[in-house]
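First comes the structure, then the notes that go with it.
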Amino acid sequence: MKRLIYSSAILGALLGGSAAQAACGDITLAVFSWQSAEAMSNVDQFILNNGYGCNATTVAGDTVPTIIAMIEKGEPDISSESTPSHLGNAYKKGVEEKRISEIGTAISDGVTSGWYIPKYLADAHPDIKTVDDALTHPDLFPAPEDPSKGGILQGPQGWGDTVVTSQLFKAFDAEKKGFVLVPAGSAAALDGSITKAYEGRKGFIASYWSPTSLLVKYPMVRLEGPRDDAEWARCTSVQDCPDPKPNYWKPAEMVTLATSKFTARDDVDAVKEYIAKRSWTQAEVSEVMLWMTENQANGQDAAKWFIKNKPDIWTKWVPADVAEKVKAAL
């Protein structure tokens, strides 16, 4: 019996650290394939595990299927980075039925799509601020295959922004103003076209979005345009709509979502406080994404780099004792 008690004591000592680590229990974090989402999910995982004693794991997925799984199955627990306004009726129904909710902000100034021009051209032509302004100067934005016309670079088919760009091209009568659309077969091809034009100091208009590492490496200025939410739903975002009117993107929110099963737990109050406080700006996450691109790094690498090099940002999200635990874990 003494031997059994002694063995149990040793086992308890050995497992004491593990028990402490699991103090807030199991948490599953959705991780998506784009850089900012991958980085944030892994930052959350590192901080929750090492600062709060959680057993947080990541679950790879795609936006809509993951959110539907959160609503219908209650898992994964958290989506660190999501845009509710892009998720449609399934999300709205999930909110109405109290199966899913926002518990924090991921990117404080949201995400922004639009038509962008290189900063060196914007600086040289300060009068060009809007889509209409740019479309009066096709000569400043020569199309790669036909420099006699202006070109608007767009992403591959299937992207929401590609649909919008095609509709805006019609709505603003860009063809009559001397422009052509320049499609890209892939995200890499779009980036390649922008890189080639930028490094050649040429003028171009590109359909793009922020935050991205490309906009850090190659600074661009977003053109402005009118915004009508009803027109956006009626036609701007609808591929087959025949009569689009001039319209434009507005900044979209980027928030953190959680299932009702998670928010009902009484062992994750500290975690919910952390997520309610933590967010970064487009500029801050773009710097992380640029580091990922230049170093061919994944989300786990990015999380460690961010925590090591940007304590002035993330230590504001957590109590001092948690920050010390996170630093020690590096």
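Treat the numbers as computed from the prediction; the structure is a model and nothing was measured. In this chain, residues are counted from 1 in sequence order.
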message = Working note: Arg278 + Asp44, criterion salt bridge (charged side-chain N to carboxylate O under 4.0 Å, His left out); need CA distance, chi angles, decisive distance, verdict.
response = CA-CA 9 Å; Arg278 76 92 174 89; Asp44 285 345; 2.8 Å; yes
Thr293 and Gln35: CA distance, side-chain angles, deciding distance, side chain to side chain donor-acceptor pair (under 3.5 Å) verdict = CA-CA 9 Å; Thr293 298; Gln35 284 180 322; 3.1 Å; yes
message = Using salt bridge (charged side-chain N to carboxylate O under 4.0 Å, His left out), reason through Glu224 and Arg222 one step at a time and then give a plain yes or no.
response = CA-CA 6 Å; Glu224 296 301 324; Arg222 181 179 182 267; 3.5 Å; yes
task = Report the C-alpha separation of Glu38 and Val31 in whole Å, then their side-chain angles, then the decisive distance to 0.1 Å, and conclude whether the side-chain contact (heavy atoms from CB on, under 4.5 Å) test is met.
result = CA-CA 6 Å; Glu38 191 181 358; Val31 58; 4.1 Å; yes
ask   = Between Thr236 and Trp249, is a side-chain contact (heavy atoms from CB on, under 4.5 Å) present by the stated rule, with each step listed?
value = CA-CA 9 Å; Thr236 309; Trp249 293 267; over 6 Å; no
Criterion side-chain contact (heavy atoms from CB on, under 4.5 Å) on Val163 and Ser237, from CA distance to verdict = CA-CA 6 Å; Val163 171; Ser237 59; 5.7 Å; no
task = Go through the steps for Asp269 and Lys272 under the test salt bridge (charged side-chain N to carboxylate O under 4.0 Å, His left out), then give the verdict.
result = CA-CA 5 Å; Asp269 287 345; Lys272 287 183 278 188; 3.5 Å; yes
inquiry  = Quick one, Asp228 with Asn247, criterion side chain to side chain donor-acceptor pair (under 3.5 Å). Give me CA distance, side-chain angles, the key distance, then yes/no.
reply    = CA-CA 6 Å; Asp228 184 320; Asn247 205 2; 5.6 Å; no
request  = Show your working on salt bridge (charged side-chain N to carboxylate O under 4.0 Å, His left out) between Asp243 and Arg234 and close with a plain yes or no.
outcome  = CA-CA 10 Å; Asp243 60 337; Arg234 182 193 76 85; 3.1 Å; yes
Tyr91 vs Ile68, side-chain contact (heavy atoms from CB on, under 4.5 Å): CA-CA, chis, key distance, verdict = CA-CA 7 Å; Tyr91 172 77; Ile68 290 176; over 6 Å; no
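In this structure, the side chain of Lys129 engages the main chain of Pro126 through a donor-acceptor pair within 3.5 Å. Judged purely by atom type and a 3.5 angstrom limit, Thr281 uses its side chain to pair as donor or acceptor with the backbone of Glu284.
Salt-bridge check for Arg99 with Glu97: passed, with a basic side-chain N closer than 4.0 Å to an acidic carboxylate O. We find that Asp123 and Lys119 are joined by a salt bridge, their nearest charged nitrogen and carboxylate oxygen being less than 4.0 Å apart. By the 4.0 Å N-to-carboxylate-O rule, Lys93 lies too far from Glu96 to be salt-bridged with it.
Pairing each heavy atom of Ala56 with each of Asn49, the nearest pair is N-OD1, 2.6 Å. Minimum heavy-atom separation, Ala30 to Ser79: CB-CA, 4.1 Å. Across all their heavy atoms, Ala122 and Val221 have their closest contact at CB-CG2, 3.8 Å. Here the closest heavy-atom approach between residue Ile27 and residue Leu48 is recorded as CD1-CD1, 4.3 Å. The shortest non-hydrogen separation linking Leu190 to Leu153 is CD1-CB, 4.1 Å. Of all non-hydrogen atoms in Gly225 and Tyr248, the two that sit nearest each other are N-CD2, 3.5 Å.
For Lys245, the NZ atom counts as densely surrounded, since its 6.0 Å shell holds more than 12 non-hydrogen atoms of other residues, nucleotides or ligands. Atom NZ of Lys177 sits in a crowded spot, with more than 12 heavy atoms from other residues, nucleotides or ligands closer than 6.0 Å.
Interatomic distance, CD of Glu81 versus OG1 of Thr256, reported as 8.0 Å (0.5 Å rounding). Once rounded to the nearest 0.5 Å, the distance linking CG of Asn309 with NZ of Lys304 reads 13.5 Å. One finds the NZ atom of Lys261 at 11.5 Å from the NZ atom of Lys73 (value rounded to the nearest 0.5 Å). Rounding to the nearest 0.5 Å gives a distance of 4.0 Å between CD1 of Ile103 and CD1 of Ile275.
Using cut-offs of 30° and 60° for the angle between ring planes, the Phe179 and Phe141 rings count as tilted.
Screening Trp291, Phe46, Trp280 for a ring pair (Phe, Tyr, Trp, His ring centres under 6.0 Å) involving Phe306 leaves a single residue, Trp280.
For the pair Glu102/Pro84, a side-chain contact is recorded, criterion being any heavy-atom separation below 4.5 Å from C-beta on. For the pair Leu140 and His125, the minimum side-chain heavy-atom distance is below 4.5 Å. In this structure the side chain of Ser286 never reaches within 4.5 angstrom of the side chain of Thr212, judged on heavy atoms. Taking the side chain as every heavy atom from C-beta outward, Glu253 and Ser85 approach each other to under 4.5 Å. Taking 4.5 Å as the limit, some side-chain heavy atom of Leu330 sits within range of a side-chain heavy atom of Ile307. When side chains are defined from C-beta on, Val326 counts as touching Trp314, because their heavy atoms get closer than 4.5 Å. In this structure, the side chains of Ile205 and Ile117 come closer than 4.5 Å at one or more pairs of heavy atoms. Within the 4.5 Å cutoff, side-chain heavy atoms of Lys310 are placed close to those of Trp305.
Separation of the Trp159 and Trp209 ring centroids falls under the 6.0 Å cut-off. Close placement of the Tyr120 and Tyr198 rings is indicated, their centers lying within 6.0 Å of each other.
Using a 3.5 Å distance cut-off with no hydrogens or angles, the side chains of Thr130 and Asp132 do not pair a donor with an acceptor.
Judged by a 6.0 Å distance limit and a 45° cone about the ring axis, Arg227 is positioned over the six-membered ring of Trp232.
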